[in-house]
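For reference, the structure is listed below as structure tokens.
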Number of protein chains: 2
Amino acid sequence: MRGKGGRQTIRDLAAIAGVSISTASKALNDTGRMGEETRQRVKRVAREIGFRPNALAQGLLSKRSFTIGLLTNDTYGRFTLPVMAGVSEALVDRGVSVFLCAIEDDPALGQVHVDAMLDKQVDGIIATGKRVDRSLPIDLTDVPVPVVYAFTEGGPESVSFRSDDAHGATLAVEWLKTNGRQRIVHVTGPEDFFSVRERSGAFRATAGEGASVFFGEWSETWGRDAVERIWAAAGEKPDALFCGNDQIARGAVDALRERGIRVPEDVAIVGFDNWEIVAAQMRPPLTSVDMDLKELGRQAGLTILALAEGLTVEPGVRTLPCRLVVRQSCGAGGSGEAGSLGNDEQRR
Amino acid sequence: MRGKGGRQTIRDLAAIAGVSISTASKALNDTGRMGEETRQRVKRVAREIGFRPNALAQGLLSKRSFTIGLLTNDTYGRFTLPVMAGVSEALVDRGVSVFLCAIEDDPALGQVHVDAMLDKQVDGIIATGKRVDRSLPIDLTDVPVPVVYAFTEGGPESVSFRSDDAHGATLAVEWLKTNGRQRIVHVTGPEDFFSVRERSGAFRATAGEGASVFFGEWSETWGRDAVERIWAAAGEKPDALFCGNDQIARGAVDALRERGIRVPEDVAIVGFDNWEIVAAQMRPPLTSVDMDLKELGRQAGLTILALAEGLTVEPGVRTLPCRLVVRQSCGAGGSGEAGSLGNDEQRR
DNA sequence: AGTTTGTGAGAAAACGTTTTCTCATTTGAC
DNA sequence: GTCAAATGAGAAAACGTTTTCTCACAAACT
């Protein structure tokens, strides 16, 4: 019934239903006054011919396009993807579609994309990136539509969302403690990352001020190197490692195995990011902190929608709790739940 | 100058420039007849007040929205991302924006997204997925706009793009031969994948009919297991492995190292997918076949645009050549180029 | 019977463009 | 000096909706 050449307009609908255009419109939108019989007839005909209103025409009049833009400089990254999924999921059933604009780190390209979106009358823009403490290469403070920031720096007057890294670190350490670990060490990325400072701060607060933190880079290699350094040093060895991301964790596990140290029996490991493709494939599968970026995307989506509808939203940074995805790298789990969902993964 | 409350319309522009609306429009579009002085004046004023035409109004009239939809069921995957980047790159400077719709494998969700896009009068739809021989969970043959398929099955009458997997495999084997390898073995994924059959076929044709192929799964674990099996068997051992993806390659390299076999000295390795985050971080960095998905996306973008402009495009499958990204897992390289671009990577 | 109130439905304006048509004036040719 | 052609520019229609206004008619009051 659909796709029969040029789309049907409300004019066609009105003609078939034997009413005027205005009556047709009012019938469909449940506005205006008319006999119930007429209203139902119009609706029935609309259903029969598969009428769908032209959103361009609606947007022209209503000044709402039911379209938003998602700007990111993290084209290939694994952060933007879950955020996008969340945004899309939150908005699709409200009829909002999402323009995705990958702008790399090119300000000119960013401007082109922003202009194109504004021309298309987007109702708002969500800016997202790969790092919480860096901003996109383009200034959005003057765009004439609402903007919210997710997983990227937005400036003081903005509405921003990010995960609560301190909370994530606390979750990890507490889980290790629950499992009886005493000497926990934190191996993480470069200290100039805000997330790194956030997490290491919470780590020290929870694991004890004396607990050591090793800053390095976000690579597997660094995970291996860190283990070499720690085990080469004199003194008592850790019985648990909290790693700044899953790649570091993976390097660490490999290095431990090479030394004949068993995971999780001798050393328990917790990672960060819960990057499924690494965490779930590791042997043993890695317990990891999940930043719940999809939820972050959902919230950003709902917020931009609220702003687009004219509601006011308090500026400031909103942090979202992390959650721990328990797999086998810390043992079977404290409360005996681990494994109850099969031997691979357990959520929540 | 921009963002000063409600946007300027062509009516404002006309008033400021002291001409009628029609003259203003014609001036900007270089159409119609008028004095050169008038035309320039209008253009200058437009520039000064930062006038940008409302794309919704333009689209309403022209029946072209300069908007396309990208439908994918590979939300988190690494295939869709490069494709998207290519599409976006090819279209952005022609003023086309891209709706990204992640539909997982849910037909209902797919329908919602497609309907939303059609309502918004997209000029075309690109369907993309995670597997060349599977189609999206929604039938697009009846949508009233052009459709092209990229990295997903499109049906006989469709315009489809995919990489030339046979070519990729040939490249890999020839490179290994060039480097003096004689006994090449292919370790790859499940045989029910079209890509797997394509690649293994070309492998056999190039490496010799007697060359062995091991089918398994797309995991690191399978890479390790395959090496165990091959080295446990009696007879001469391979001096090169061509792996079906980078994860398999990684598992294989790990297993070889554990057996004290050196890469690339004793055994050379080539992977597939050139998934940077794996291939470049491996020790040694992995030589891998790149399917050039970004280029695939570019072509799909240009094609959908051509179709949207009314050109006819021959239906059928178009395959794009792969290219080999040479790193160190096969030795320094046959023609001495490898390393000339630094010790990490060499393209083309 | 005359006035108000209510009801069903259509006409027309509006949104911001582009395009076609019309028209007055100038230019050029004879 | 007349007529045809060319030129510059505006009026109006169109795109597909929504919304406000108007109006005819019927029902309910005096």
Side-chain angles (χ1 to χ4, degrees), chain A residues 5-43 45-46 49-67 95 115-116 118-123 144, chain B residues 5-43 45-46 49-67 95 115-116 118-123 144:
Chain A
R7 296 169 75 72
Q8 308 263 24
T9 77
I10 201 172
R11 168 175 269 103
D12 304 323
L13 168 60
I16 297 175
V19 296
S20 70
I21 294 180
S22 18
T23 301
S25 173
K26 286 181 294 189
L28 294 178
N29 295 310
D30 283 322
T31 60
R33 287 185 317 211
M34 73 193 63
E36 190 53 26
E37 188 267 339
T38 310
R39 198 179 290 276
Q40 290 309 327
R41 175 159 43 91
V42 173
K43 286 186 174 180
V45 173
I49 68 173
F51 170 78
R52 311 211 92 218
N54 181 326
L56 264 42
Q58 289 181 311
L60 188 54
L61 206 46
S62 66
K63 271 105 170 56
R64 294 269 277 111
S65 64
F66 290 92
T67 281
D115 286 346
L118 292 177
D119 290 352
K120 283 160 190 144
Q121 311 293 114
V122 289
D123 296 334
Chain B
R7 296 167 74 73
Q8 308 262 26
T9 77
I10 200 173
R11 169 174 268 104
D12 304 324
L13 168 59
I16 298 175
V19 295
S20 71
I21 294 179
S22 19
T23 301
S25 173
K26 287 181 292 188
L28 295 178
N29 296 310
D30 282 324
T31 61
R33 287 183 319 208
M34 76 193 60
E36 191 52 28
E37 188 268 339
T38 310
R39 199 180 288 276
Q40 291 308 327
R41 175 161 41 92
V42 172
K43 286 185 173 182
V45 173
I49 67 173
F51 169 78
R52 311 211 94 220
N54 181 326
L56 264 41
Q58 290 181 311
L60 188 55
L61 207 45
S62 67
K63 271 101 172 53
R64 293 269 278 113
S65 63
F66 290 92
T67 281
D115 286 346
L118 292 177
D119 291 352
K120 281 157 192 147
Q121 312 292 117
V122 288
D123 296 333

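Naming convention: chains lettered A, B, ... in sequence-line order (proteins, then strands); numbering from 1 in each chain.
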Can you tell me how far C1' of D:dC25 sits from CE of A:Met34, to the nearest Å? 17 Å
Contact class for B:Leu56 vs. all strands (heavy atom < 4.0 Å): base, sugar-phosphate, or nothing? nothing
At 4.0 Å (heavy atoms only), tell me whether A:Thr9 reaches a base, stays on the sugar-phosphate, or touches nothing. sugar-phosphate
Strictly below 4.0 Å, N to O, side chains only: are A:Asp119 and B:Arg7 in salt-bridge contact? yes
Calculate the interatomic distance between A:Arg33 atom CZ and D:dT22 atom P; express it in whole Å. 13 Å
Is a side-chain donor or acceptor of A:Arg41 paired with a backbone partner of A:Ala17 at a separation under 3.5 angstrom? yes
Tell me whether B:Asp30 is salt-bridged to B:Lys43, with the criterion being a basic N under 4.0 Å from an acidic carboxylate O. yes
Within the 4.5 Å heavy-atom criterion, are A:Phe51 and A:Leu28 side-chain neighbours or not? yes
Identify, between A:Thr23 and B:Val19, the residue whose nearest nucleotide on DNA chain D lies closer to the 5' end. B:Val19
On DNA chain C, more 5' by nearest nucleotide between B:Ala57 and B:Gly32 is B:Ala57
Assign each of B:Thr38 and B:Lys63 the nucleotide of DNA chain D bearing its closest heavy atom; nearer the 5' end lies the nucleotide of B:Thr38
Main-chain N/O of A:Val19 paired with A:Thr23 side-chain donor or acceptor, under 3.5 Å: no
Along DNA chain C, 5' to 3', what are the outermost nucleotides having an atom less than 4.0 Å from a heavy atom of chain A? C:dT7 to C:dG16
Output, in order, the C-alpha distance, side-chain angles, deciding distance and verdict of side chain to side chain contact (heavy atoms under 4.5 Å, CB included) for B:Asp115 and A:Arg52. CA-CA 9 Å; B:Asp115 286 346; A:Arg52 311 211 92 218; 3.1 Å; yes
